[in-house]
Amino acid sequence: MRHPLDSVFITQQWGEHPEVYARFGLKGHNGLDYRAPDGISVYAPHDGIVKERRFDEKGYGNYLKIESDTEGSILAHLKDFTVGINKRVKEGELVGHADNTGFSTGSHVHFGYYRIPRDRTDGY
């Protein structure tokens, strides 16, 4: 597994700011936020299939969900997508570009990660 960006600078950690994320039914921030200038390339953090590719106006903005048999990830606040739904991607493959879509205060990439089977009862 790799980081979704070539340059790694984390601006928000897992679990931070529970008061902000309560509106989404979460215990806190459900991923890592990476500083990402507008338009910078975003890469698949692991091999898998693009299971979702959509726009969530009040949350993730433009986002992708990539899953394999053992792990999944969400890459959010994207400007665009360079891969299609149900497409198999390899770790390190270009999947989109960073932006400031959805519930966001500036250009960045949100990276959420989970193991499969996913535990949806843990508050994240």
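A donor-acceptor contact shorter than 3.5 Å is absent between the side chain of H29 and the backbone of E16. Under a 3.5 Å cut-off, the side chain of S107 and the backbone N or O of A36 do form a donor-acceptor pair. A donor-acceptor pair is defined here as one N or O able to donate and one able to accept, closer than 3.5 Å; no such pair exists between the side chain of D56 and the backbone of G102.
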Under the criterion side-chain hydrogen bond (donor to acceptor under 3.5 Å, both in side chains), I'd like the reasoning laid out for H110 against D33: C-alpha separation, chi angles, the key distance, then a yes or no. CA-CA 4 Å; H110 172 89; D33 283 349; 3.1 Å; yes
For D122 and K27, what are the C-alpha separation, side-chain angles and deciding distance, and is it a side chain to side chain contact (heavy atoms under 4.5 Å, CB included)? CA-CA 9 Å; D122 68 359; K27 288 183 182 177; 5.7 Å; no
Run L64 and F81 through side chain to side chain contact (heavy atoms under 4.5 Å, CB included) and show every step you take. CA-CA 8 Å; L64 292 171; F81 309 107; 3.5 Å; yes
Kindly determine whether L32 and Q13 satisfy side chain to side chain contact (heavy atoms under 4.5 Å, CB included), including the steps that lead there. CA-CA 5 Å; L32 298 174; Q13 297 283 344; 3.7 Å; yes
Check against side chain to side chain contact (heavy atoms under 4.5 Å, CB included), Y34 and I10: CA-CA 4 Å; Y34 292 78; I10 296 172; 4.2 Å; yes
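Of all heavy-atom pairs between G106 and H108, the closest is O-ND1, 2.8 Å. Annotation for H97 and T82: closest pair CE1-CG2, 3.8 Å, computed over non-hydrogen atoms. The shortest non-hydrogen separation linking I85 to R53 is CD1-N, 3.7 Å.
Residues V20 and L26 fall within the same hydrophobic cluster, defined by Ile, Leu, Val, Met, Phe, Trp and Tyr side chains chained together at heavy-atom separations under 4.5 Å. Taking hydrophobic clusters as Ile, Leu, Val, Met, Phe, Trp and Tyr residues chained together by side-chain heavy-atom distances below 4.5 Å, Y63 does not share a cluster with V109. Under the 4.5 Å side-chain heavy-atom criterion for grouping Ile, Leu, Val, Met, Phe, Trp and Tyr, Y60 is not connected to V50 through any hydrophobic cluster. Connection of L94 to M1 is not established within any shared hydrophobic cluster, with ILVMFWY side chains joined at heavy-atom distances below 4.5 Å, either directly or through further cluster members. Cluster annotation: L78 is not connected to I74 through the hydrophobic network of ILVMFWY side chains, with a link wherever side-chain heavy atoms come within less than 4.5 Å.
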With a 3.5 Å cut-off and sequence neighbours excluded, list the donor-acceptor pairs that the side chains of residues 38-49 form with protein atoms.
unit_1 : atom_1 : unit_2 : atom_2 : d
D38    : OD1    : K79    : NZ     : 3.2
D38    : OD2    : K79    : NZ     : 3.2
H46    : NE2    : S73    : OG     : 2.9
D47    : OD1    : E91    : N      : 2.6

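Under the ring pair (Phe, Tyr, Trp, His ring centres under 6.0 Å) criterion, Y114 pairs with no residue, sequence neighbours left out. Applying the salt bridge (charged side-chain N to carboxylate O under 4.0 Å, His left out) rule to K87 yields the partners E93; only residues at least two apart in sequence or on another chain are considered. Legend: residues meeting side chain to side chain contact (heavy atoms under 4.5 Å, CB included) with R35, ordered by chain and number and at least two apart, are F9, T11. When the side chain to side chain donor-acceptor pair (under 3.5 Å) test is applied to R2, the partners found at least two apart in sequence or on another chain are D6. With sequence neighbours left out, D69 forms a side chain to side chain contact (heavy atoms under 4.5 Å, CB included) with no residue at all.
Between D99 and N62, the closest side-chain pair of non-hydrogen atoms is not below 4.5 Å.
For R115, the CZ atom is densely surrounded, since the number of other residues' heavy atoms within 6.0 Å is greater than 12.
Going from atom CD of E52 over to atom CD1 of I66 covers 11.5 Å, rounded to the nearest 0.5 Å.
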